[in-house]
Amino acid sequence: MTAPASTQTVDLAARFPQSVSADARPGYSGFIVKKENLVEVATAIRDEFGYDLLATVTGVDYLAENKMEVVYHAFKTTGGAGLTFKVQVDRVDPVEVPSLINVWAGVDFQEREAYDLLGIRFTGHPDLRRILMWEGYEGHPLRKDWKEAFFEEETKPFKSRWPDGKFAFAEENNPFRDNLKFPADFDPEAYQPETEEDLYASLERHTLKGDGLNTDHIVVNMGPHHPSTHGVLRVAVNLDGETITGLKPVMGYLHRNHDKIGERNTYLQIIPYTDRLDYFNSMSNNFGYVVTVEKLMKIPVAERAEYIRVIMAELSRVQNHLIFIGMLMNDLGTMYTPSLYAFEERELILDIFEAVSGARMMCNYFRFGGVVRDIPDFVLQKIKDLVYDRLPAKTDEMERFLNENEVLVARLKGMRVLNAEDAIRYSVTGPVLRAAGVPYDLRRAEPYSVYDRFDFDVALRHDGDMMDNYLIRFDEIRQSLRILEQALKQMPEGPINSQKPQYQVRVPAGEAYGRIESPKGELGFYVVSNGKPNPYRYHVRTASYVNLQALEKMCVGTKIADFVALLAMLDIVMGELDR
Amino acid sequence: MENEKLSLPNYNIPEDLENVVAITTLDRLYNWGRRSSVWPLMFGLACCAIEMIAAQASRYDMARFGMEVMRPTPRQADMMLVSGTVTKKMLPAIIRLYNQMPEPKYVVAMGACASSGGPFKEGYNVVAGIDKFLPVDVYIPGCPPTPQALIAGMIKLQEKIDKQSIKKVRWYEKGRVDANYVPMPILGPDLIDVRRNAEIKQAAATRATQESA
């Protein structure tokens with residue numbers, strides 16, 4: 001790990017001696033805040049200490065200590081290490097923690113997620129509903145005493161799978177022979193499903209009033225099966241005529257229980273699961289996860305592997321942005337042609353991924369301390385051909401075809417997306433934030449891996465309209481190509497992993513929050529280890545999920561037709577959004 | 001792929017009438033028309049959907065097999081490509097879409113998740129295979145299947161269509177209007193498959209006695 005170790009730059013305990021104490025558990029860092037003073041301390045963190053961007057909120061269930069902990073990670077958009085602070089509450093029913101929604105609007109969905117999966121009630125949250133599971137679902141799955149229907153053992157590898165002649169299917173232990181679990185004395189015929197009244201009631205929160213006309217509002221549900229929602233996202237839109245007066249994303253249609261499965265898995269077994277988070281960029285996801293675990297393990301990364309990692313991550317950024325441009329054109333009505341051009345280039349990059357890792361999309365390529373295989377020479381030559389010749393030419397070509405197009409310019413220019421202030425308030429990261437004029441790129445703000453060795457500019461645009469959001473993707477492709485050129489030149493020979501290949505890694509007890517600049521924004525992993533082969537808590541902070549919070553702000557007041565384009569600007573991907 | 005040509009073999013058609021006249025059976029004509037224009041439902045669930053798009057794009061070009069016309073509405077679709085993890089929350093929507101598709105309709109389970117739950121099978125929100133609810137015609141292994149594998153699966157489906165007979169297919173059977181109607185599951189404390197209500201009730205009662213004992 002070449003990135004500077006996360007140092008506590010502020011002493012919160014000195015500022016609030018009564019209510020804040022440093023977290024003294026071995027392997028842990030940050031501060032523990034008393035529940036009663038949380039809002040006060042958080043406000044000071046934001047206003048006095050300048051941590052304006054709250055990256056994550058998540059909960060940890062310490063069952064043995066009978067505690068629930070809520071962990072916050074705040075960062076400065078000017079860069080540098082973050083500030084971790086926590087609240088501990090007794091594990092009694094109901095677990096209540098004050099909501100920080102009035103301090104950082106970006107805690108909205110993340111608090112709802114913690115409520116849904118851990119049962120932590122955030123008092124003062126205006127819209128505390130389940131978010132990933134449906135209303136009426138029994139239990140809070142991430143609690144440590146909650147067992148899924150196919151529960152076999154706490155952690156993998158399952159003893160029943162040892163090759164000693166004993167072999168069991170999870171189905172055999174379940175009365176339904178299926179992934180089902182019902183409370184005692186449940187009567188399905190008498191059951192009344194929960195309605196969605198709360199959802200529709202919450203839509204009226206932003207109702208625009210006072211245009212004099214006494215018109216009815218109508219609710220339009222877009223999705224979960226809708227061509228413009230980039231997957232199985234559902235958005236309930238409240239309309240006054242064609243104007244959006246309220247909007248709520250409804251998600252969880254691809255909630256694949258990443259966190260819960262991750263906690264059962266060993267550290268190494270998680271890597272292929274991270275591939276399936278943002279399925280366009282499996283290399284970036286691997287990167288974020290291994291960076292986090294390496295932080296915990298405190299191991300160095302082989303020099304050559306660092307460069308291979310950067311090359312793979314940047315290639316995946318290039319193809320992600322190409323796809324973004326193609327898909328945006330689809331959403332704007334230029335059906336297929338631009339996206340076919342984009343897919344042509346993407347296939348060439350996927351060929352490289354396939355050659356190095358064996359899989360086109362789900363690469364599973366990174367390991368703790370390095371990568372799994374070296375790049376063969378012919379692949380290196382392919383990468384060089386792409387980076388030096390083909391991709392710059394094709395990017396130029398795409399720009400030439402599209403950027404001057406009158407229809408496109410008329411559609412995109414001047415259509416507001418987000419201003420800088422709102423973007424930070426809603427914890428938006430990635431290209432959307434940079435298009436609004438905030439030069440916040442983790443490759444610069446808190447360099448990880450070897451990004452501090454490359455000469456590149458943080459892509460930046462200032463208007464924050466759709467045109468800027470679109471053009472910044474081209475800027476980023478060019479900067480990525482710049483990094484790729486340097487990485488290819490500087491890449492040393494040598495081993496590709498600093499560790500011996502192993503099936504089980506030792507991770508000392510403690511916690512770590514690792515983050516990288518994924519193509520869609522900040523991708524963070526929060527891992528708590530208790531020294532066992534499996535993580536105690538494993539949480540993913542994905543850019544799509546957190547960025548989506550701003551959608552309501554972006555869309556209210558615009559027309560329904562703009563919603564599709566605005567959603568496209570966020571560049572969400574459902575695997576990452578629902579996890 | 002023996003039925004690719006419309007004409008039956010062993011009929012001598014004069015050379016100047018080739019491509020103008022075909023001698024064939026009704027079954028063959030019917031199947032030939034359907035197998036050459038399988039319109040998939042434009043419907044992506046997860047990672048597999050991206051490979052489905054890649055298969056539609058220029059390099060793999062599924063249009064060669066008459067399958068490029070993705071219909072966003074189920075009313076116009078012949079085939080549902082279940083491309084990705086089926087979650088409990090999504091399942092009612094999938095079943096509603098399936099019920100809205102007119103016969104003849106086919107279901108292709110693309111990838112490990114749609115076939116069996118795949119790597120996410122143990123997840124509490126994951127349905128272990130769409131075949132628990134819908135009749136699946138072709139399973140395509142892979143995580144995700146490459147576009148080549150997807151196309152191979154589609155060709156398997158075409159072969160299946162080739163073998164069908166107009167006399168036996170379920171959608172022309174008398175008195176079976178809703179031959180393939182699937183009752184909507186309900187999202188309760190867990191996914192309630194209404195066809196298994198009695199079983200659920202019994203298991204819940206058993207659990208109650210176990211817990212009180």
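Lettering follows sequence order; numbering is per chain, from 1. Not measured: the values here are computed from a predicted model.
Options Gly139(A), Ser339(A), Pro224(A), Ala359(A) differ in how many heavy-atom pairs under 4.5 Å they form with chain B, and the most are formed by Pro224(A). Counting heavy-atom pairs under 4.5 Å between each of Met574(A), Arg360(A), Glu148(A), Met362(A) and chain B puts Arg360(A) at the top. In terms of heavy-atom pairs under 4.5 Å with chain A, the best-connected choice from Val86(B), Thr146(B), Leu191(B) is Leu191(B). Counting heavy-atom pairs under 4.5 Å between each of Asn197(B), Asn125(B), Thr206(B) and chain A puts Asn125(B) at the top. Ranking Ile186(B), Leu97(B), Val194(B) against chain A, the residue ahead of the rest is Leu97(B), based on heavy-atom pairs under 4.5 Å. Contact tally against chain A (heavy-atom pairs below 4.5 Å) for Gly188(B), Pro119(B), Ala128(B): the top residue is Gly188(B). Across Phe280(A), Tyr341(A), Tyr273(A), Tyr336(A), the residue that shares the most heavy-atom pairs under 4.5 angstrom with chain B is Tyr273(A). Looking only at heavy-atom pairs under 4.5 Å with chain B, the residue among Glu344(A), Glu171(A), Glu354(A), Glu135(A) that has the most is Glu171(A). When the candidates Ser58(B), Gly44(B), Ala46(B) are compared by the number of heavy-atom contacts under 4.5 Å with chain A, Ala46(B) comes out ahead.
Scanning all heavy atoms of the two residues, the minimum distance from Asn257(A) to Gly123(B) falls at OD1-CA, 3.0 Å. Minimum interatomic distance between Leu254(A) and Leu45(B) (heavy atoms only, all atoms of both residues): CD2-O, 3.4 Å. Closest of all the heavy-atom pairs between Pro183(A) and Ala204(B) is O-CB, 3.5 Å.
Shown here is Gln76(B), whose CD atom has more than 12 heavy atoms of other residues, nucleotides or ligands within 6.0 Å. Summarising the local packing, CD of Glu172(A) is surrounded by more than 12 heavy atoms from other residues, nucleotides or ligands at distances under 6.0 Å. Counting heavy-atom neighbours within 6.0 Å of Glu197(A) CD, excluding the residue itself, gives a total of 12 or less.
Both the backbone and the side chain of Lys88(B) come within less than 4.5 Å of a heavy atom of chain A. Looking at Ile323(A), neither its backbone nor its side chain comes within 4.5 Å of chain B, counting heavy atoms on both sides. Proximity to chain B (any heavy atom under 4.5 Å) is restricted, for Tyr279(A), to the side chain, taken from C-beta onward. For a residue to count as touching a neighbouring chain, one of its non-hydrogen atoms must lie under 4.5 Å from one of that chain's; by this rule Phe343(A) touches chain B with the side chain only. Of the two parts of Arg234(A), neither the backbone nor the side chain holds a non-hydrogen atom closer than 4.5 Å to a non-hydrogen atom of chain B. Looking at Glu51(B), the atoms closer than 4.5 Å to chain A (heavy atoms on both sides) sit in the backbone and in the side chain alike. For a residue to count as touching a neighbouring chain, one of its non-hydrogen atoms must lie under 4.5 Å from one of that chain's; by this rule Arg256(A) touches chain B with backbone and side chain alike. Residue contact with chain A, scored on non-hydrogen atoms closer than 4.5 Å, involves the side chain of Glu211(B) exclusively. Within the 4.5 angstrom heavy-atom criterion, atoms from both the backbone and the side chain of Ile192(B) approach chain A. Using a 4.5 Å cut-off between heavy atoms, Tyr137(A) contacts chain B through both its backbone and its side chain. Contact annotation for Met251(A): only backbone heavy atoms (N, CA, C, O) come within less than 4.5 Å of a heavy atom of chain B. Heavy-atom distances place both the backbone and the side chain of Ala54(B) under 4.5 Å from chain A. With a threshold of 4.5 angstrom between heavy atoms, Leu41(B) approaches chain A through side-chain atoms but not through N, CA, C or O. No part of Leu233(A) comes within reach of chain B, as not one of its non-hydrogen atoms sits under 4.5 angstrom from that chain.
Not less than 6.0 angstrom separates the ring centroid of Tyr124(B) from the ring centroid of Phe150(A).
Looking only at side-chain heavy atoms (C-beta outward), Phe186(A) and Pro189(B) come within less than 4.5 Å of each other. The shortest distance between side-chain heavy atoms of Phe43(B) and His225(A) falls below 4.5 Å. Within the 4.5 Å cutoff, side-chain heavy atoms of Cys143(B) are placed close to those of Arg276(A). Considering only heavy atoms from C-beta on, Val127(B) stays 4.5 Å or farther from Asn179(A) through its side chain.
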Would you sort out whether Arg59(B) and Asp351(A) count as a salt bridge (charged side-chain N to carboxylate O under 4.0 Å, His left out), showing the intermediate values? CA-CA 12 Å; Arg59(B) 185 189 274 188; Asp351(A) 283 347; 2.7 Å; yes

Take Asp190(B) and Lys181(A) through the test salt bridge (charged side-chain N to carboxylate O under 4.0 Å, His left out) and record every step on the way to the result. CA-CA 6 Å; Asp190(B) 207 331; Lys181(A) 195 177 109 173; over 6 Å; no

Using the side chain to side chain contact (heavy atoms under 4.5 Å, CB included) rule, take Lys89(B) and Met133(A) through it: C-alpha gap first, then chi angles, then the decisive distance, then the call. CA-CA 7 Å; Lys89(B) 196 168 177 179; Met133(A) 301 304 287; 6.0 Å; no

How far apart are the C-alpha atoms of Ile53(B) and Met327(A), what are their side-chain angles, what is the distance that settles it, and do they pass the side chain to side chain contact (heavy atoms under 4.5 Å, CB included) test? CA-CA 11 Å; Ile53(B) 298 169; Met327(A) 288 297 168; 4.1 Å; yes

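Among Arg196(B), Arg195(B), Lys121(B), the single residue meeting the salt bridge (Lys or Arg N to Asp or Glu O under 4.0 Å) criterion with Asp178(A) is Arg196(B). Checking each of Lys147(A), Lys260(A), Lys156(A) against Glu122(B) for a salt bridge (Lys or Arg N to Asp or Glu O under 4.0 Å) leaves exactly one that passes, namely Lys156(A).
Of the possible donor and acceptor atoms, one in the side chain of Thr87(B) sits under 3.5 Å from a partner among the backbone N and O of Tyr253(A).
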